[in-house]
Structure formats: structure tokens, C-alpha cells
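Reviewing the structure listed below.
What you see below is based on every heavy atom in this structure, not just the backbone, and it leaves out hydrogens, waters and symmetry mates. Numbered from 1 within each chain, the chains take letters A, B, ... in sequence-line order.
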Number of protein chains: 4
Amino acid sequence: MPRRLTARGQRRQREILDFAARRFAAQGYHPTSVADLVDGLGVGKGVFYWYFDSKEELFRQILAEAQRDLRRAQRQAIADEPDPVRRIEQGIRASVAWLDANRHLSALLELARTEERFAPLVHQGEDQAAADALPHVKAGMAAGLIRRADPLVVAHGILGVTERLARKIVLEGGRPAEEAADGAVSFVLDGILSPAAANRRTVREAG
Amino acid sequence: MPRRLTARGQRRQREILDFAARRFAAQGYHPTSVADLVDGLGVGKGVFYWYFDSKEELFRQILAEAQRDLRRAQRQAIADEPDPVRRIEQGIRASVAWLDANRHLSALLELARTEERFAPLVHQGEDQAAADALPHVKAGMAAGLIRRADPLVVAHGILGVTERLARKIVLEGGRPAEEAADGAVSFVLDGILSPAAANRRTVREAG
Amino acid sequence: MPRRLTARGQRRQREILDFAARRFAAQGYHPTSVADLVDGLGVGKGVFYWYFDSKEELFRQILAEAQRDLRRAQRQAIADEPDPVRRIEQGIRASVAWLDANRHLSALLELARTEERFAPLVHQGEDQAAADALPHVKAGMAAGLIRRADPLVVAHGILGVTERLARKIVLEGGRPAEEAADGAVSFVLDGILSPAAANRRTVREAG
Amino acid sequence: MPRRLTARGQRRQREILDFAARRFAAQGYHPTSVADLVDGLGVGKGVFYWYFDSKEELFRQILAEAQRDLRRAQRQAIADEPDPVRRIEQGIRASVAWLDANRHLSALLELARTEERFAPLVHQGEDQAAADALPHVKAGMAAGLIRRADPLVVAHGILGVTERLARKIVLEGGRPAEEAADGAVSFVLDGILSPAAANRRTVREAG
DNA sequence: AATGAATGAGCATTCATTCAT
DNA sequence: TATGAATGAATGCTCATTCAT
């Protein structure tokens with residue numbers, strides 16, 4: 001399976017990966033047959049099994065690539081930002097942008113979560129994403145910028161808002177990514193209470 | 001297909017619905033065959049097709065029931081609460097509790113979202129949930145309790161946090177539902193900034 | 001797989017077993033496809049998998065039945081014979097007769113021996129056959145009727161001659177079973193030396 | 001297809017023949033794919049089809065070589081022995097020794113017998129082996145050393161005992177070749193009866 | 001209402017062979 | 001000579017659905 005591939009072979013493999021990612025995203029894992037893939041690419045069935053051990057293995061590979069790529073995008077967006085809150089904000093924006101720019105991969109990540117065989121991989125990826133956000137959350141708390149709470153809960157909350165808004169507003173709603181990103185940032189940082197109500201709540205808690 | 005059923009028939013049908021819901025949730029829609037279901041129930045194939053037109057129809061029915069039930073739980077929790085913010089809080093708590101108490105149906109809702117045929121139903125359900133939350137958000141804004149923002153974005157944000165924390169903390173993390181509910185309420189109402197940082201941010205925006 | 005079968009079902013299963021045994025014997029295990037079988041029987045593919053878990057399992061079942069049947073034939077032939085040498089003779093005759101009457105199963109037994117998955121079963125069967133012959137050989141030795149030698153070697157020798165002659169003379173040669181049986185009995189009991197030469201050899205060994 | 005090969009080419013061809021013989025013997029004809037062979041040898045598919053027209057042709061060639069080699073071994077063992085009974089004995093010993101020394105080819109001969117396409121070749125080979133033994137049997141009878149009986153039956157009997165004991169005692173049993181050879185010689189020459197019983201039987205038949 | 005039996009299109013995968021380089 | 005790439009028919013097996021009883 002770890003084959004030595006010529007340049008031509010590598011191009012073919014990529015072609016299959018990309019085409020399959022789109023098909024899987026559009027139709028689901030099971031409804032997409034290997035025949036669909038090779039017919040769609042106009043090649044013989046053997047080609048598929050020359051490059052991949054199995055349909056499952058192909059999917060796994062697509063999934064891993066997508067997760068790697070999303071993570072890279074997040075890291076790059078944060079790279080040189082000293083302020084932990086701004087790092088979080090930029091992470092949110094980068095995530096929404098990536099989910100928008102790679103709609104089929106967004107769908108794929110969701111898809112994979114519902115398939116017994118792949119679910120653990122997605123869970124790991126999500127937990128990794130939360131773990132990646134964790135240091136920024138903690139740094140923000142240490143600096144007195146972020147309210148003290150279980151930082152892991154906070155991290156998951158951030159991711160939950162971000163992904164839901166990206167999905168509903170951008171992917172399903174067809175509106176620009178900025179709108180979702182702004183909404184998510186604002187929701188995450190401020191919560192939903194008005195300043196007045198928030199103050200009352202804070203006072204009550206502190207009392 | 002809408003058959004008039006005897007009492008015994010209704011019991012049978014319910015038995016199938018419940019068993020199938022658990023199997024679908026555990027294994028997925030495609031990997032669960034009709035044979036699995038009837039074998040698991042110890043009945044012949046004919047029984048299945050006596051009560052349901054098709055596997056797809058069965059799934060649709062389970063899905064609709066689950067959505068109906070979740071919505072009912074949310075409405076009941078809110079019923080007599082005059083304060084819109086508290087209505088939101090109680091909606092969050094009721095959702096987490098339901099997702100915890102009906103784990104297999106939670107899984108099913110996610111599952112259905114990734115299957116082309118059922119996705120529209122789930123999207124409708126989610127949009128319905130947001131629409132259900134909308135009046136409370138708007139009422140909160142009108143009363144000056146909730147920060148002014150696109151109320152639909154806010155509603156989706158609430159649902160995003162709630163579901164993500166319910167999933168990660170309760171379903172995957174195995175911790176008590178209260179923990180997730182508290183985390184979600186706090187995250188939703190307050191956001192993540194510390195009061196000081198929040199004040200600075202508010203002032204700056206207002207300026 | 002252990003299904004409760006109606007009378008009709010049992011007839012079907014037997015039909016498949018018999019047809020398959022003949023096809024396997026004629027063409028070999030691998031060259032006989034499940035499609036061959038169901039097409040030959042004029043039924044749909046599902047029928048096959050209703051009655052058998054797999055092609056391999058079907059073959060195993062045929063094999064086990066054949067071995068059981070051959071063994072039963074041998075035991076019946078010997079049943080009431082008090083003289084151990086005559087028991088051996090009758091065992092030889094019964095084996096040749098069975099191999100002749102069940103040519104396809106003879107071929108199947110040979111076939112199975114060359115297929116990694118089934119070889120152990122055939123080896124066991126052959127060893128069982130030798131073990132079945134063993135008591136008679138030993139009884140013959142105890143009674144002074146059979147020359148003293150490793151009784152297991154003797155048993156395998158008997159089986160070797162019997163099967164080879166049955167195969168070459170009857171199955172491949174197309175001559176009557178009696179001819180092979182007579183030849184085998186005579187070969188086994190007397191060896192090939194003339195009485196004179198045998199005596200000389202005996203004397204020499206004894207000296 | 002009969003290519004003129006360079007020295008290097010001949011080495012390659014031999015390498016393939018030897019490797020393939022072992023693989024076929026270990027796994028069977030059908031379960032051994034051309035891909036198995038070329039992967040095992042670390043060469044490309046083209047190499048295979050440069051030296052052999054097809055997998056079938058390769059197998060045929062291996063088979064013919066094995067039969068030729070076994071026959072040569074038998075002839076050499078007998079070469080200068082004037083006594084026909086001793087020629088037979090030495091033929092038996094040489095056969096057992098060859099089957100032991102070329103275990104994979106022994107397996108291959110058996111294997112080939114069960115594959116429709118190759119069975120005739122094996123049958124021919126076996127008949128040839130019997131035909132090879134025939135003159136010695138006849139000579140023995142003419143000299144009064146071997147009991148009068150159908151010489152072809154006798155020849156097949158000899159081969160039957162020899163191969164069965166070689167297989168059971170040496171190949172499957174893992175015991176030394178001499179043990180099988182001694183057992184076979186003794187069985188073939190003397191049969192199984194004790195001298196006393198043999199005499200009674202001879203007298204009765206003669207009477 | 002219910003069962004066991006049957007259908008046949010469809011699926012993932014294999015494999016002998018050929019081709020382009 | 002040799003390689004990696006490609007072909008496509010064939011294989012074992014599954015499964016939603018229907019049928020006969």
C-alpha cells in the first residue's frame with residue numbers, strides 16, 4: 001500500500017482524493033460507491049485499488065488531510081498575535097473562513113462523525129481543536145482578560161458557537177463568512193446579556 | 001400504509017420503532033439492515049413490512065417523533081416563566097437534560113443530518129428550534145436584558161453552545177448533565193470575557 | 001446460520017449440497033463460482049446465502065458429510081466379522097465400492113486436500129481412517145495372523161494401496177470395482193513376492 | 001514465447017520458476033496471484049510476462065520439470081541393479097527420498113491433480129511411473145521372484161503404498177525418510193500376513 | 001398477522017493481462 | 001528488459017423488498 005508513485009501516479013491519486021471528497025460530502029459515505037468514483041473519473045476499477053487499499057482507507061486519508069489542513073489554517077491565523085483574546089478571535093475567524101472555503105470538507109467532517117468507524121477520529125480531532133485553544137484561554141484567564149471558568153468547557157463552547165454559526169449562516173444560509181465570524185466573535189466574547197443586565201448578574205454572583 | 005392497528009399491533013409497532021432507533025443510533029442508517037432489525041426482535045421479515053412501508057419510512061418516523069419530543073420538552077420547561085432570559089436558561093437546561101436522557105435519539109439527529117434524504121428534515125428541525133427561541137431573544141432585547149444583535153444569530157449561537165457542550169461533556173465525556181448545563185448557561189449569558197475586559201470592550205465599541 | 005428450515009427448505013438445501021458437490025468435484029473449488037451454482041440450479045443468488053453462510057462453509061459441509069458417509073460404509077461392512085484379517089479385507093472392499101459409487105465425493109476428498117483451508121480436515125479424516133483400521137491390525141498381530149510391524153504404518157499402507165487402485169483402476173481406468181478390490185486385497189495380504197521368494201526372505205530375516 | 005535468453009535472463013527465469021513453485025505449493029494455484037509472485041520477487045509485472053506467456057504456462061512448466069526430475073531420480077537409483085526385486089526396492093527408496101527432498105514439488109504434484117487443466121498431465125505422469133515400474137515387475141514374475149498377478153495392478157499398488165507412506169510418515173508426520181522407505185519396502189514385498197497365515201492362505205488358494 | 005423463502009440489482013474487491021514509457 | 005499504471009470482467013457477498021403459504 002505504501003507504493004512508490006511516479007509524478008503521474010501522484011497526480012492520479014490526488015485526482016481521486018479530491019473527487020472522492022466531493023462525492024462523499026455530497027452523497028454520504030455509504031451511498032457513494034467505488035463504481036461511482038471510478039465512473040465519475042472515467043477510469044477502470046483497478047485504478048482505484050492501485051492507489052488505495054479500500055474505500056475505507058481512502059476516506060480515512062481524506063479525513064486526516066482535512067483535519068490537518070484546518071488545524072494548519074488555525075495555527076497560521078494565530079501565529080504572531082500576542083494578545084490571547086485576539087488569538088481566540090482570529091482563530092474563530094480563520095475557522096469560519098476555512099469551513100466556508102472548504103465546504104465539502106466541512107460536510108465530510110460532520111459525516112465522518114456519524115459513521116462508527118470514523119467517529120473516534122473526528123472526536124479526536126475535535127478534542128485536539130479544543131486542546132489547541134486551551135492555552136489561549138488559560139493565558140487569557142491568567143492575564144485577567146477572560147472570566148475564570150473551566151477552560152475546557154470554555155474552549156468547547158467557543159468551537160460550538162463557531163461551527164454552528166458557520167454552518168447555519170454560511171453553509172446553509174448562504175450569507176458571507178464575515179457575518180458568521182462577526183456574530184461568533186461577539187457571541188463568544190460578550191455573551192448575550194446587555195451590559196446592564198450583565199452587571200447586575202455579576203454583582204449578584206459576587207455578592 | 002396508515003393502517004388501523006389493534007392494540008397488539010400498536011405494541012408491535014412501538015417495539016420496532018424503539019429497537020430500530022437504538023440500532024440506527026448505534027450503527028448508522030446504512031449499516032443497519034432490515035434483517036438486523038427483525039432478527040434482533042426475533043420476528044419474520046413480513047412483520048416489518050406489515051407495519052412500515054420501507055426502511056426509509058421507518059427512519060423518518062423515528063426522526064419526526066424525536067424532534068417532536070425534544071420540542072415538547074423544551075416548551076414544557078419554559079411554560080410559566082415570565083423572564084425571557086430565564087426562559088432561555090431553562091430552555092438550555094431542558095435541552096441538555098433531554099439530550100442526556102435520550103442519548104440514542106441525540107445520536108440519531110446527528111446521523112440524520114448527514115444523510116441526503118433526511119438532512120432537510122433535520123435542518124428544518126434546527127431552524128424550528130431557533131425559531132422557537134427567537135421570541136424569547138427578542139423579548140429580552142425589547143426589555144433591555146439582552147444585547148442588541150441579529151436575534152437569529154443569537155438563537156443559533158445558543159443552540160450551538162448547548163449542543164456542543166451536551167455532546168462533549170455529557171455524551172462523550174460521561175460527566176453529569178448539570179455540569180454541561182451550567183457551563184452552557186454561563187457561556188451563553190456572559191461570554192468569556194472578564195467583567196473588566198468586557199467593560200473596556202463595551203466602552204470602546206460605544207465610543 | 002443454524003436456521004429452522006421447513007420441509008421445502010430442507011429439500012432446497014439438499015439440492016444445493018448435491019449439485020455443488022458435483023460441480024466442485026468436476027471443476028475444483030475456486031473455478032466453481034457461487035454464480036455457477038445458483039445459475040445451474042436456476043435460482044437467485046440470495047437463495048444460496050439463505051442456506052449457507054459462505055461458499056467455504058458449504059464446501060466444509062459437503063466434505064464433512066462425505067467423510068461421515070464413507071466411514072459409516074466401512075463400519076457397516078465390518079460389523080459382524082470376527083476374523084480381523086477378514087475385517088480388513090471387507091473394509092478394503094467397502095472402501096473401493098464406496099469410492100466407486102460416490103465418484104464425485106472421491107474427487108472432492110482429493111480436491112480438499114490441496115486447498116490450505118480444508119487440508120487439515122482431510123488429514124484428520126485420513127488419520128481417522130487409519131485409526132479405525134488400527135484395532136483390526138493389532139488384533140491380527142495378537143492372534144499371530146498379521147506380521148509384526150508398526151501397526152500404524154501397516155494401516156496407512158493398506159489405505160494407500162486401496163485408494164490408489166480404486167482411483168487408477170476404477171475411477172480413471174473405468175474397470176469394475178471388484179477388480180480393484182481383489183487386486184488391493186491380494187496386494188495387501190500377500191505383498192508382491194512369490195511364495196518361494198517370500199520364504200527365502202523370511203528365513204534370511206529370521207537368521 | 002520460446003525466447004532466446006541471455007545468461008541473466010535465464011537466471012531470472014529460474015528464479016521465477018523456483019519462487020513460484022514454492023508459492024503454488026504453499027498456497028495453491030488459484031490463491032497464488034501473479035501479483036504475489038512479482039511482489040515476492042520484488043520485480044514489476046512486465047518481468048513475469050516477459051518470461052512466461054501466462055500463469056498457466058508457468059505452472060505447466062514447473063510441473064513438467066518436477067515430473068522429469070522425479071523420474072530421473074528413480075532411473076538413476078535403479079541403473080545398475082540386476083535383481084528386479086531389488087530394483088523395485090531401490091525405486092521405492094529413491095521415490096521416498098525425492099519426495100522428502102522436494103517437499104514443495106510433492107505438494108505441487110498433488111495440487112495439479114485436482115485442477116482440471118493439469119490433471120491429465122499428472123495422470124500421464126503417474127501412468128508413466130507405473131509403466132516405468134512395469135518391466136521390473138514382469139522381469140520379477142518371469143524369474144519366479146514375484147507372485148503372478150496383473151503386473152499393472154502390482155505396479156500401481158507399489159506406487160500407492162510408497163506415496164502414501166511418504167506423505168503420512170515423512171511429510172505430514174515429520175519422521176525420517178528411511179522409516180517410510182523401510183515400511184513401504186516391507187509392506188510391498190511381504191504384505192501384511194504373518195508367514196504362517198500366508199502359508200495357509202497360499203495352500204488354500206493353490207488347493 | 002406472520003413466517004420462511006426467494007429475488008436480483010448492487011457492492012467492494014481481486015486479478016490475469018496489457019500498455020505506455 | 002523492465003517499471004508503474006491501467007483495464008474490466010468476474011467474484012463472493014449483501015440487502016431492501018416481495019411472495020407463497
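- Heavy-atom nearest nucleotides on DNA chain F were determined for B:Lys55 and for A:Gly44, and the one closer to the 5' end corresponds to A:Gly44.
- Ranking E:dC15, E:dG4, E:dT13 by closeness to the C:Arg4 side chain, first place goes to E:dG4.
- Within the 4.5 Å cutoff, side-chain heavy atoms of B:Val34 are placed close to those of B:Tyr49.
- For F:dA6, the OP1/OP2 oxygens have no side-chain nitrogen or oxygen of A:Trp50 closer than 4.0 Å.
- Using a 4.0 Å cut-off, some side-chain N or O of C:Tyr49 falls inside it from OP1 or OP2 of F:dC13.
- Rounding to the nearest 0.5 Å places CD1 of B:Ile16 at 13.5 Å from CZ of B:Arg23.
- Regarding contacts with the backbone of E:dC19, every side-chain N or O of A:Arg8 stays at 4.0 angstrom or more from both OP1 and OP2.
- D:Tyr29 places its OH atom 19 Å from the P atom of E:dT14, with the value rounded to the nearest Å.
- A distance of 7.0 Å separates CG of C:Leu109 from CG of C:Leu70, quoted to the nearest 0.5 Å.
- The distance from atom NE2 of D:His104 to atom CG of D:Asn102, rounded to the nearest 0.5 Å, is 6.0 Å.
- The base of F:dT3 has none of its N or O atoms less than 3.5 Å from a complementary donor or acceptor on the side chain of D:Lys45.
- The two residues C:Ala112 and C:Phe59 have their closest heavy-atom pair at CB-CE2, 3.7 Å.
- Side-chain atoms of A:Val43 lie closest to F:dT7 of the nucleotides F:dT7, E:dT13, F:dT17.
- In this entry the distance linking CZ of D:Phe48 with P of E:dC19 reads 17 Å, nearest Å.
- Distance B:Phe52 CZ to F:dT18 P: 16 Å, rounded to the nearest Å.
- Consecutive Watson-Crick or G-U pairs involving DNA chain F, each under 3.5 Å on both distances, make up stems of three or more pairs at E:2-21 with F:2-21.
- Here C:Gly46 lies in heavy-atom contact (under 4.0 Å) with a base.
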Could you go step by step and tell me if C:His30 and C:Glu115 meet the side-chain hydrogen bond (donor to acceptor under 3.5 Å, both in side chains) rule? CA-CA 9 Å; C:His30 290 286; C:Glu115 176 64 32; 3.1 Å; yes
One pair to check against side chain to side chain contact (heavy atoms under 4.5 Å, CB included): D:Tyr51 and D:Leu58. What are the steps and the verdict? CA-CA 9 Å; D:Tyr51 292 104; D:Leu58 163 70; over 6 Å; no
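- Put simply, A:Tyr51 has a side-chain N or O that comes within less than 4.0 Å of OP1 or OP2 on F:dA6.
- With rounding to the nearest 0.5 angstrom, the OH atom of A:Tyr29 is 13.5 Å from the CD atom of A:Gln27.
- Distances shorter than 4.0 Å separate some side-chain N or O of B:Arg12 from OP1 or OP2 on E:dA2.
- Minimum atom distance to the side chain of C:Ser54 is reached by F:dC13, of the listed F:dC13, F:dG12, E:dA2.
- Heavy atoms of C:Val34 sit under 4.0 angstrom from primed sugar atoms or phosphate atoms, though from no base atom.
- When rounded to the nearest whole Å, the span between CD of D:Glu56 and P of E:dT17 equals 8 Å.
- Going from atom CZ of D:Phe59 over to atom P of E:dT17 covers 14 Å, rounded to whole Å.
- If you take CG of A:Leu5 and C1' of F:dA6, they are 14 Å apart, rounded to a whole angstrom.
- Regarding D:Glu57, its CD atom lies at a distance of 15 Å from the P atom of E:dA16, rounded to whole Å.
- The phosphate of F:dA5 (OP1 or OP2) has a side-chain N or O of A:Thr6 nearer than 4.0 angstrom.
- When the C1' atom of F:dT7 is taken as reference, atom CG of A:Leu41 falls 15 Å away, rounded to whole Å.
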